[in-house]
A.B. asks: 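Sharing a structure here in structure tokens format.
What you see is a predicted model; the values in this text were computed from it and never measured. The sequence lines fix the lettering, A, B, ..., with proteins before strands; numbering per chain opens at 1.
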Amino acid sequence: METPPSVQLDVYEGPLDLLLDLIRKQQIDIFDIPLARITQQYLDYLHRMEQLNVEIAGDFILMAATLIYIKSKMLLPPDPFASPDEQLDPRTDLVERLLEHKKFKSAAQMLQQKQILEQATWSRPDTAAFAGEPGELVVTLWDLVKVFREVLARPPEPPALEIKREEFTVAQMMDEVRELLRASDQPVSLLELCRRHPTRRGLIVLFLALLELVRLEAVVALQNELFGPVQLRKHRMFDVVFAPDTATEIDEQYQ
Amino acid sequence: MDRAALKALLEAIIYVSEEPITIAQLEKVLADVSKDELRGALEALLEASRAPERGVEIRQVAGGYRMYTKPEHHEAVRRFVRSQKPPLRLSLPALETLAVIAYKQPVTTPEIKAVRGVDPSSALATLLEKGLVVTAGRKQCIGRPILYRTAKEFLIRFGLKDVGELPTLEEFEELARASLGEPEPAPAAGSEPARESREEAAEPGNA
Amino acid sequence: MDRAALKALLEAIIYVSEEPITIAQLEKVLADVSKDELRGALEALLEASRAPERGVEIRQVAGGYRMYTKPEHHEAVRRFVRSQKPPLRLSLPALETLAVIAYKQPVTTPEIKAVRGVDPSSALATLLEKGLVVTAGRKQCIGRPILYRTAKEFLIRFGLKDVGELPTLEEFEELARASLGEPEPAPAAGSEPARESREEAAEPGNA
């Protein structure tokens with residue numbers, strides 16, 4: 001049977017989330033998991049992921065192996081020579097992990113509620129007046145490492161080599177941005193994009209292309225904080241702008 | 001100094017303090033006031049600030065005292081705050097990672113992974129970036145992995161006096177057992193929005 | 001809205017407002033409150049804030065209303081503000097220079113310049129002044145330039161036991177990559193030398 005393209009697969013963050021959902025939906029008693037059934041459903045899910053060409057993370061595969069191992073252990077008769085410790089239900093570890101995982105999911109929800117409540121109050125909104133010099137930021141260790149990495153990544157000195165002029169057009173650059181963003185909804189780092197085009201002309205063309213895309217609302221540039229990295233993301237007009245022929249027209253305007 | 005004057009002075013100091021101010025800091029500034037007097041006046045001040053005709057109350061947060069507007073004025077107040085702190089938007093994975101760190105701190109990446117079942121690196125980077133989590137040295141074991149703990153900003157953003165104020169894990173354990181242990185007809189609806197929406201999509205998958 | 005609730009709301013708004021807030025602005029937000037009621041509540045609020053047990057009073061200034069600490073607390077408040085250790089604030093150039101010193105210490109000005117591409121003198125002065133960096137003798141090479149290393153204050157401010165606790169660049173890359181979803185591992189070119197020199201540097205620092 002061919003999979004219709006409209007079929008949507010649930011997205012689980014990890015194997016434990018998937019297992020919990022299977023258990024919950026079927027109202028299974030977690031202390032008596034029908035392993036054969038759950039393993040089969042778990043494998044079915046991975047199989048569907050495969051059919052949809054979704055990359056399966058290693059964590060999911062590892063859990064599949066664990067489930068199969070537990071299942072096989074349950075089929076064996078109990079070892080009469082094993083100590084009472086070893087005669088434990090082979091599912092025990094898994095149940096413990098699931099419960100532990102669920103526990104922290106609940107804790108996360110509690111935190112979220114606390115945070116929403118806290119957001120409704122204000123404290124010292126004018127702290128800026130007491131802050132240090134303008135342009136100074138409160139820094140943490142994380143900022144320190146981040147900055148060091150950026151410093152190291154900086155091109156040391158302009159190389160004294162003659163560089164052949166590259167003939168990039170704005171349309172080609174827009175194409176490149178489209179290719180980068182098309183595949184997923186993940187943002188792309190502007191810094192990363194700039195590094196691909198280290199020459200002056202490359203950067204100028206890239207900049208023009210981005211201005212154009214932002215103006216057309218095909219792309220949106222986001223920054224989470226002052227000095228924070230700029231990220232590019234698909235915007236609402238993305239598909240319209242990248243309909244065939246639009247890019248060529250734009251390029252003609254830049255010639 | 002009489003009680004009224006002490007209360008007034010405490011209010012003034014808490015008002016100007018940039019960060020939640022601790023008892024220890026107050027004791028240091030008010031060296032000539034006895035600890036009992038100080039605590040008494042502070043209690044009275046907190047109590048008075050909770051009165052219905054007061055719009056700014058003093059609360060205990062992140063190990064100190066700080067002024068806050070009351071939640072019930074949220075709507076009207078929001079229109080006057082120009083420099084709003086950017087709202088803290090955390091993804092569910094980031095929140096879950098934060099929860100693990102909050103309860104197990106100090107904790108390493110592999111330990112977080114064991115609980116969550118997925119690599120927490122991306123969520124961890126977000127939390128470090130937002131200053132909710134900081135590094136806390138290295139664990140003395142093979143590989144000397146970095147330890148993480150929650151930062152003061154975490155307590156402030158979540159309105160907590162200290163991490164001890166969080167509900168105990170046993171309470172969540174009961175919750176987990178209740179929602180997964182016995183087959184339940186309707187799992188707590190409102191509390192799990194992420195899951196609810198997922199469920200709809202999941203149905204065709206089981207067919 | 002009753003008088004108490006209105007007073008509370010007004011207090012909250014005046015507290016969050018960065019500039020003196022005018023009657024006209026208040027009338028606009030509280031459109032459902034009559035002008036007389038508003039003025040009455042405002043008067044009562046000002047009156048209440050003048051009570052001896054209050055440390056923050058609301059005063060009329062520049063055509064609007066604003067909160068102030070009282071003059072009689074001036075001395076104590078100033079003493080307190082001075083005693084405060086404000087959170088560490090650094091400009092980007094200073095932070096960059098500090099990062100280079102932390103990872104490459106002990107290091108000379110020309111060496112810092114080679115990495116940053118900018119003369120670090122001004123940033124270095126700031127760091128020395130804030131006590132985050134100290135001199136560490138002279139390098140035995142032409143010109144005998146001064147060596148710099150991080151000071152104890154640096155460790156205290158960043159919550160480190162020693163410089164060996166600094167995350168390595170590899171550890172950072174792992175987190176950063178995950179958060180940006182970059183598929184390619186970035187070449188860890190600079191990370192190795194940084195690590196070596198740091199280990200060497202750690203010895204004298206700990207002595």
A.B. asks: Hey, which of B/R116, B/E174, B/H73 has the most heavy atom pairs under 4.5 Å with chain A?
C.D. replies: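 Result: the option with the highest number of such pairs is B/R116.
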
A.B. asks: Between A/Q115 and B/F158, is there a side-chain heavy-atom distance shorter than 4.5 Å?
C.D. replies: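 Yes. Closest side-chain heavy atoms under 4.5 Å.
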
A.B. asks: Answer yes or no: are there more than 12 heavy-atom neighbours, outside B/E165 itself, under 6.0 Å from its atom CD?
C.D. replies: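 Atom CD in B/E165 is crowded, with more than 12 foreign heavy atoms closer than 6.0 Å.
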
A.B. asks: For residues B/D119 and A/D59, report the shortest heavy-atom separation together with the two atoms involved.
C.D. replies: N-OD2, 4.1 Å

A.B. asks: With a 4.5 angstrom heavy-atom cut-off, could you sort out which part of B/V100 is near chain A: side chain, backbone, both or neither?
C.D. replies: both

A.B. asks: Hey, does B/L166 have a side-chain heavy atom less than 4.5 Å from the side chain of A/M110?
C.D. replies: yes

A.B. asks: Less than 4.0 Å between a side-chain N and a carboxylate O, is that true for A/E118 and B/R157?
C.D. replies: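 A/E118 and B/R157: not salt-bridged.
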
A.B. asks: Answer yes or no: are there more than 12 heavy-atom neighbours, outside B/K113 itself, under 6.0 Å from its atom NZ?
C.D. replies: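 Yes - once you tally the heavy atoms of other residues, nucleotides and ligands closer than 6.0 Å, there are more than 12.
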
A.B. asks: Could you list the residues that satisfy side chain to side chain donor-acceptor pair (under 3.5 Å) with A/D89, not counting sequence neighbours?
C.D. replies: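 Partners of A/D89 under the side chain to side chain donor-acceptor pair (under 3.5 Å) test: A/R91.
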
A.B. asks: At a heavy-atom separation under 4.5 Å, does A/L16 approach chain B through its side chain, its backbone, both, or neither?
C.D. replies: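 Answer is side chain: those atoms of A/L16 sit under 4.5 Å from chain B.
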
A.B. asks: Give the minimum heavy-atom separation between A/A107 and B/Y103, together with the two atoms involved.
C.D. replies: CB-CE1, 3.8 Å

A.B. asks: Taking all non-hydrogen atoms of both residues into account, name the closest pair between B/V115 and A/E100 and its distance.
C.D. replies: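 B/V115 and A/E100 have their closest heavy atoms at CG1-CG, 4.0 Å.
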
A.B. asks: Taking the side chain as C-beta and beyond, is there a heavy-atom pair between B/H74 and A/Q119 under 4.5 Å?
C.D. replies: no

A.B. asks: So, does B/T69 use its side chain to make a donor-acceptor pair with the main chain of A/W122 at under 3.5 Å?
C.D. replies: yes

A.B. asks: How many angstroms lie between CG in B/L95 and CD in A/Q109, if you round to the nearest 0.5 Å?
C.D. replies: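 With rounding to 0.5 Å, CG (B/L95) is 9.0 Å from CD (A/Q109).
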
A.B. asks: Which atoms of B/K104 come close to chain A, meaning under 4.5 Å heavy atom to heavy atom: side chain ones, backbone ones, both, or neither?
C.D. replies: side chain

A.B. asks: Less than 4.5 Å to any heavy atom of chain A: does that hold for the side chain of B/A151, its backbone, both, or neither?
C.D. replies: neither

A.B. asks: Drop me the distance from A/L111's CG to B/T150's OG1, to the nearest 0.5 angstrom.
C.D. replies: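 Between atom CG of A/L111 and atom OG1 of B/T150 there are 10.0 Å.
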
A.B. asks: Using a 4.5 Å cut-off on heavy atoms from C-beta on, say whether the side chain of A/K102 contacts that of B/F172.
C.D. replies: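 SC-SC contact between B/F172 and A/K102 ruled out.
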
A.B. asks: When you compare the side chain of B/I101 with that of A/F104, does any pair of heavy atoms fall below 4.5 Å?
C.D. replies: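 No. Closest side-chain heavy atoms not under 4.5 Å.
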
A.B. asks: Between atom CD of B/E171 and atom NZ of A/K103, what is the distance when rounded to the nearest 0.5 Å?
C.D. replies: 12.0 Å

A.B. asks: Measuring from atom OG1 of A/T121 to atom CE of B/M67, what distance do you get when rounded to the nearest 0.5 angstrom?
C.D. replies: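 The CE atom of B/M67 is 13.5 Å from OG1 of A/T121, to the nearest 0.5 Å.
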
A.B. asks: With a 4.5 Å cut-off on heavy-atom pairs, point out which of A/A120, A/A108, A/S106, A/G14 contacts chain B the most.
C.D. replies: A/A120

